[in-house]
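To start, the structure itself, in structure tokens.
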Amino acid sequence: MRRNVVIFLLVTVAVLGLAVHHVWVLLSLLFVDGSEDAISRAELPAPNSPAISERPQVIPKIIHQTYINESVPEHWKGPQQSCLDLHPDYEYKLWTDKKSREFIAAEYPWFLETFDGYPYPIQRADAIRYFVLHHFGGIYIDLDDGCNRSLDPLLAYPAWVRKTKPTGISNDAMGSVPRHPFFLKAIDSLPDYNRGWLLPYITVMASTGPLYLSVIWRHYNSANPQGDDRVRILFPSEYNHHSWSFFTHHLGNSWHRTDVKLIFWMAQHWVLITVIGFAVGFSLLGCVYTVFLKPRQTNAPKSRFAYSRIPFYRRISQKSIELDDRHEV
Ligand SMILES: *[C@@H]1O[C@H](CO)[C@@H](O)[C@H](O)[C@H]1NC(C)=O
């Protein structure tokens, strides 16, 4: 009996350890906010300040956006035009489904199978932005984000992303020089994260979306990159609702589904969810203990647990031998 309890405890500790290890990066996102890499407003010239042209511009002047085809819907034409108007000297690339696939096939053929295999189109829209930033460099902007001022000051940072709520970074506006190591890691890791994660929303978030990029960002930073290799972070006060903000946000996400509401509900009630999670977990452990490990009374009626004094692992193997034998007959 003693031995069983020890095995039981070891297994429990191992499972818990594995679980914590698996979500460690996720947990760390709750504590790391990227403020050490913040692009502070103090270092950004005001809109229209002549100081802007005195700063180095390392990111090439290219704006990337994505859509299914060339017919951008009416409600996104305003934000799209606002970026075009403010950047007449930038090259503009709209990555349609067709162009994206051709580009991956030509430049990153090792990724084509994963790219084609994604069950959700938004995963391709997520992935393509990392590839074009890696290949051409430039600035990627979601179609539902408009521009509020020239992005020129942001060309000074070799790689930047935006902070998002509740945690981590977003992939809706990002800038990079070509072949920055962060975006190299972002494209290289995509095949590994191409898994189903229970709900479509989580699958999209964790396989290619903001959650994916946040996890990659944490892994990337744990190698302690220095200087130009660091990814700079644009904080909300720098990007929304102010005259000095770079972007304006327009609602119109094309992929909000029921499970988004579920996730947001879960995020709001995470204490409750955690308590329920622990309750369910310990109940399960309790069940396992009762079924497999708890000593049975010797005078109990004969049942399939009659041989319960045999350790559960032996019992299982005995059972399969029995089944095998029967099969042979
Ligand atoms: C572009 O895609 C939209 C949405 O699927 C579709 O309604 C429209 O007909 C397409 N336009 C062209 C020119 O193929």
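Predicted model, so just to flag it, every value in this text is computed and none were measured.
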Verify whether one side chain among Ser207 and Gln123 offers a donor that lies under 3.5 Å from an acceptor in the other.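 Present: a donor and an acceptor within the cut-off.
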Which residue in the set Thr114, Thr203, Asn171, Asp126 passes side chain to side chain donor-acceptor pair (under 3.5 Å) when paired with Thr208?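 One option only clears the test, and that one is Asp126.
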Distance-only donor-acceptor hits, side chain of residues 60-69, under 3.5 Å, sequence neighbours excluded:
residue : atom : partner : partner atom : Å
Lys61   : NZ   : Asp89   : OD2          : 2.8
His64   : ND1  : Trp95   : NE1          : 3.0
His64   : NE2  : Gly137  : O            : 2.9
Gln65   : OE1  : Tyr92   : OH           : 2.7
Gln65   : NE2  : Ile141  : O            : 3.1
Gln65   : NE2  : Asp142  : O            : 3.4
Asn69   : OD1  : Ser71   : N            : 3.0
Asn69   : OD1  : Ser71   : OG           : 3.1

Just jot down the side-chain contact (heavy atoms from CB on, under 4.5 Å) partners of [X], sequence neighbours excluded, or say none.
| X | result |
| --- | --- |
| Ser189 | Lys185, Tyr193, Tyr212, Ile216 |
| Leu272 | Trp265, His269, Ile276 |
| Glu54 | Ala51 |
| Pro153 | Leu44, Pro45, Ile52, Arg55, Arg149, Phe246 |

Ring geometry between Tyr220 and His180 (parallel below 30°, tilted from 30 to 60°, perpendicular above 60°):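 Rings of His180 and Tyr220: tilted, as their planes differ by 30° to 60°.
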Mind telling me whether Phe111 and Phe115 have parallel, tilted or perpendicular rings, with 30° and 60° as the class edges?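 Plane angle between 30° and 60°, so tilted.
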Does Arg129 use its side chain to pair, donor to acceptor, with the backbone of Ala125 at less than 3.5 Å?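 Yes, the answer is positive, given that a donor and an acceptor are paired below the 3.5 Å cut-off.
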ILVMFWY cluster, Tyr289 and Val13 together (side-chain gap under 4.5 Å):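 No, separate clusters.
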Look at the side-chain heavy atoms of Ile, Leu, Val, Met, Phe, Trp and Tyr, link any pair under 4.5 Å apart, and say whether Leu285 and Leu9 land in one connected group.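 The answer is yes; both residues are in one hydrophobic cluster.
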Give a yes or no on this: more than 12 heavy atoms of other residues, nucleotides or ligands lie within 6.0 Å of atom CG of Asp228.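 Counting other residues, nucleotides and ligands, CG of Asp228 stays at 12 neighbours or fewer.
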Step-by-step ring pair (Phe, Tyr, Trp, His ring centres under 6.0 Å) determination, Phe136 to Phe103: CA-CA 11 Å; Phe136 299 100; Phe103 169 73; 5.5 Å; yes
Side chain to side chain contact (heavy atoms under 4.5 Å, CB included) for Lys163 and Ser170? Distances and angles first, verdict last. CA-CA 6 Å; Lys163 181 99 185 72; Ser170 169; over 6 Å; no
Applying the salt bridge (charged side-chain N to carboxylate O under 4.0 Å, His left out) criterion to Asp37, which one of Arg230, Arg162, Arg232 satisfies it?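 Among Arg230, Arg162, Arg232, the one meeting salt bridge (charged side-chain N to carboxylate O under 4.0 Å, His left out) with Asp37 is Arg230.
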Which residue pairs satisfy the salt bridge (Lys or Arg N to Asp or Glu O under 4.0 Å) criterion with at least one member in residues 100-116, sequence neighbours excluded?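 Applying salt bridge (Lys or Arg N to Asp or Glu O under 4.0 Å) to every pair that reaches into residues 100-116, excluding sequence neighbours, yields Lys98-Glu102, Arg101-Asp116.
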